[in-house]
Amino acid sequence: MEHQSIAVLKQLFEADKLDETYINELKSDERKGVQHLIERYERQKLTERALEENFIRMSRHEQTRYAEGCRYIAGIDEAGRGPLAGPVVAAAVILPRDFRLLGLNDSKQLTEKSRDNYFTTIKNEAVSYGISIVDSQKIDQVNIYEATKLAMYDAIHQLAPFPDHVLIDAVPLDQLPCTSEAITKGDQESVSIAAASILAKVTRDRLMKDLHQKYPIYGFASNMGYGTKHHTDMLREHGVTPYHRKSFAPVRNAE
């Protein structure tokens, strides 16, 4: 077996240009650098295999409905039910039947960079998607649960074509002209719901960062409107903004 330099082997591993036969032969190479490359390669393959298996697991709801004859299956999720400030955002998305995006999961479990990358991929590859924003005033008028449902219905009705079946994260929607099912922890159980969760969260996070520019003392760019200690301290000191949910944060108005 010809000895390649460790630098060359590193490039070949990174380019995934080594077949398994050659890699097995390399295992007898006593150089520590070579063994390190093999260990890293095998860890990477295990990670990829786990991601592949998880994606297959999270596709089972969609595959079941495809087998029953559905053509267009939508996932829907929301972001922002718990914060003291800002809107609630719902997103609905229909993914292509052959869609594949390893690592897709509950948006809260991903890094901001991963969410941003997935956000772009999902929007570019989706058959259709809809995003709906319900502001804090409406939340105060109808309560957060009803506001969430309003946002979800609106997001779904933006879809074209309209779905044959809708997969929803936890919230039952009984006024749809198609079949639907609410799935507990749906953003961890369905690729369509996980994709919707990313569209909703990234959209809302960007809105909160914009609000931060208007009201920097509340720290919206980091807390996204949630009731952190700094946020609640600022509420007590300065009162609420027009973007606070007064039914959540009943404090005097900001001057």
**Prompt:** Going by atom types alone, do E181 and H165 pair a side-chain donor with an acceptor below 3.5 Å?
**Reply:** yes
**Asked** Under 4.5 Å between any side-chain heavy atoms of L26 and F13, yes or no?
**Response** yes
**Request:** Enter the distance from E125:CD to T120:OG1 here, rounded to the nearest 0.5 Å.
**Result:** 11.0 Å
**Request:** Working to the nearest 0.5 Å, report the span between CG of N143 and CZ of F248.
**Result:** 8.5 Å
**For Y129, the rest of its hydrophobic cluster, which grows through side-chain links under 4.5 angstrom** = L51, F55, M58, V89, V93, L95, F99, L101, L102, L104, L110, Y118, F119, I122, I131, I133, V191, I198, L199, V202, L207
**Prompt:** Salt bridge or not for E42 and K27, using N-O below 4.0 Å?
**Reply:** yes
**Asked** Please walk me through it: do Q109 and R115 pass side-chain contact (heavy atoms from CB on, under 4.5 Å)?
**Response** CA-CA 9 Å; Q109 297 185 14; R115 284 195 300 268; over 6 Å; no
**Atom pair CD1 (I144) and OG (S136), whose distance is rounded to the nearest 0.5 Å** = 10.0 Å
**Request:** Mark yes or no for whether S180, through its side chain, and L176, through its backbone, hold a donor-acceptor pair below 3.5 Å.
**Result:** no
**Prompt:** Is the closest basic N to carboxylate O distance between D210 and R206 below 4.0 Å?
**Reply:** no
**Request:** Go through K201 and R204 one step at a time and tell me if the side-chain contact (heavy atoms from CB on, under 4.5 Å) criterion holds.
**Result:** CA-CA 5 Å; K201 181 166 175 55; R204 188 178 188 280; 5.9 Å; no
**Asked** Can E39 and K32 be said to form a salt bridge (charged side-chain N to carboxylate O under 4.0 Å, His left out), step by step?
**Response** CA-CA 10 Å; E39 289 170 7; K32 289 183 179 180; over 6 Å; no
**Message:** With ring-ring contact (aromatic ring centres under 6.0 Å, His included) as the criterion, how do H230 and Y218 come out once you've worked through the C-alpha distance, each side chain's angles and the decisive distance to 0.1 Å?
**Reply:** CA-CA 7 Å; H230 171 78; Y218 297 91; 8.2 Å; no
**Asked** Applying the 4.5 Å side-chain criterion to the ILVMFWY set and letting contacts propagate, would V88 and Y145 be lumped into a single cluster?
**Response** no
**Request:** For the pair K45 and D16, evaluate side-chain contact (heavy atoms from CB on, under 4.5 Å) and give the outcome as yes or no after the intermediate values.
**Result:** CA-CA 11 Å; K45 288 300 179 183; D16 200 17; 3.8 Å; yes
**Item:** Close side-chain approach of R245 to Q137, heavy-atom, < 4.5 Å
**Value:** no
**Item:** Check: I168 and I193 side chains under 4.5 Å, non-hydrogen atoms
**Value:** no
**Message:** Looking at every heavy atom in both P163 and C178, which two are closest together, and how far apart are they?
**Reply:** O-CB, 3.6 Å
**Asked** Out of curiosity, M224 CE to L84 CG, how far, rounded to the nearest 0.5 Å?
**Response** 14.5 Å
**Asked** Hey, does the side chain of Q35 reach the backbone of D29 with a donor-acceptor pair shorter than 3.5 angstrom?
**Response** yes
**Prompt:** Considering only heavy atoms from C-beta outward, does the side chain of Q158 approach that of S132 to under 4.5 Å?
**Reply:** yes
**Message:** Just by distance, no angles: are the side chains of S192 and E62 close enough, under 3.5 Å, to form a donor-acceptor pair?
**Reply:** yes
**Request:** Using the ring of Y66 (Phe, Tyr or Trp, six-membered ring only), decide whether R97 places NZ or CZ under 6.0 Å from its centre and within 45 degrees of its axis.
**Result:** yes
**Prompt:** Can you name the closest pair of heavy atoms from G86 and M208 and give their distance?
**Reply:** CA-SD, 3.8 Å
**Message:** Would you say D187 and S197 are linked by a side-chain donor-acceptor pair, where the criterion is simply a distance under 3.5 Å?
**Reply:** no
**Request:** For residues A147 and V142, report the shortest heavy-atom separation together with the two atoms involved.
**Result:** N-CG2, 3.7 Å
**Message:** Using side-chain contact (heavy atoms from CB on, under 4.5 Å), reason through V34 and I6 one step at a time and then give a plain yes or no.
**Reply:** CA-CA 6 Å; V34 173; I6 292 174; 4.0 Å; yes
**Request:** Please say whether more than 12 non-hydrogen atoms of neighbouring residues, nucleotides or ligands are located less than 6.0 Å from CD in E112.
**Result:** no
**Prompt:** Between atom CG of D205 and atom CZ of F220, what is the distance when rounded to the nearest 0.5 Å?
**Reply:** 13.5 Å
**Request:** Ignoring hydrogens and angles, tell me if any N or O in the side chain of D135 forms a donor-acceptor pair with the backbone of P87 under 3.5 Å.
**Result:** no
**Request:** Report yes if some heavy atom in the side chain of E53 is under 4.5 Å from a heavy atom in the side chain of R49; otherwise report no.
**Result:** yes
**Request:** First locate atom NE2 of H36, then atom NZ of K10, and finally report the distance between them rounded to the nearest 0.5 Å.
**Result:** 8.5 Å
**Item:** Taking every non-hydrogen atom, the tightest pair across R31 and S5
**Value:** NH1-CA, 4.1 Å
**Request:** Output yes when R236 and D233 qualify as a salt bridge under the 4.0 Å nitrogen-oxygen rule, no when they do not.
**Result:** yes
**Asked** Do you know the tightest heavy-atom contact between L18 and Y22?
**Response** CD2-CD2, 3.4 Å
**P96 vs V127 side-chain heavy atoms within contact, under 4.5 Å** = yes
**Message:** I'd like to know if V134 and V171 are part of one continuous hydrophobic network [Ile/Leu/Val/Met/Phe/Trp/Tyr, side-chain heavy atoms within less than 4.5 Å].
**Reply:** no
**Message:** Can you tell whether the side chains of E146 and K138 come within less than 4.0 Å, N to carboxylate O?
**Reply:** no
**Asked** Between N24 and E20, is any side-chain donor less than 3.5 angstrom from a side-chain acceptor?
**Response** no
**Prompt:** Should L159 and Y72 count as side-chain neighbours, where that means a heavy-atom distance under 4.5 Å?
**Reply:** no
**Prompt:** Between D169 (side chain) and G186 (backbone), is there a donor-acceptor pair under 3.5 Å?
**Reply:** yes
**Message:** Using every non-hydrogen atom in the two residues, find where N54 and R57 come nearest and quote the distance to one decimal.
**Reply:** OD1-NH2, 2.8 Å
**Side-chain donor or acceptor of D77 paired with backbone N/O of A196 under 3.5 Å** = no
**Message:** Between N223 (side chain only) and G219 (backbone N and O only), is there a donor and an acceptor less than 3.5 Å apart?
**Reply:** yes
**Prompt:** Do I73 and L167 come close enough that some side-chain heavy atom pair is under 4.5 Å?
**Reply:** yes
**Request:** Show your working on ring-ring contact (aromatic ring centres under 6.0 Å, His included) between Y215 and H244 and close with a plain yes or no.
**Result:** CA-CA 11 Å; Y215 300 96; H244 277 93; 8.0 Å; no
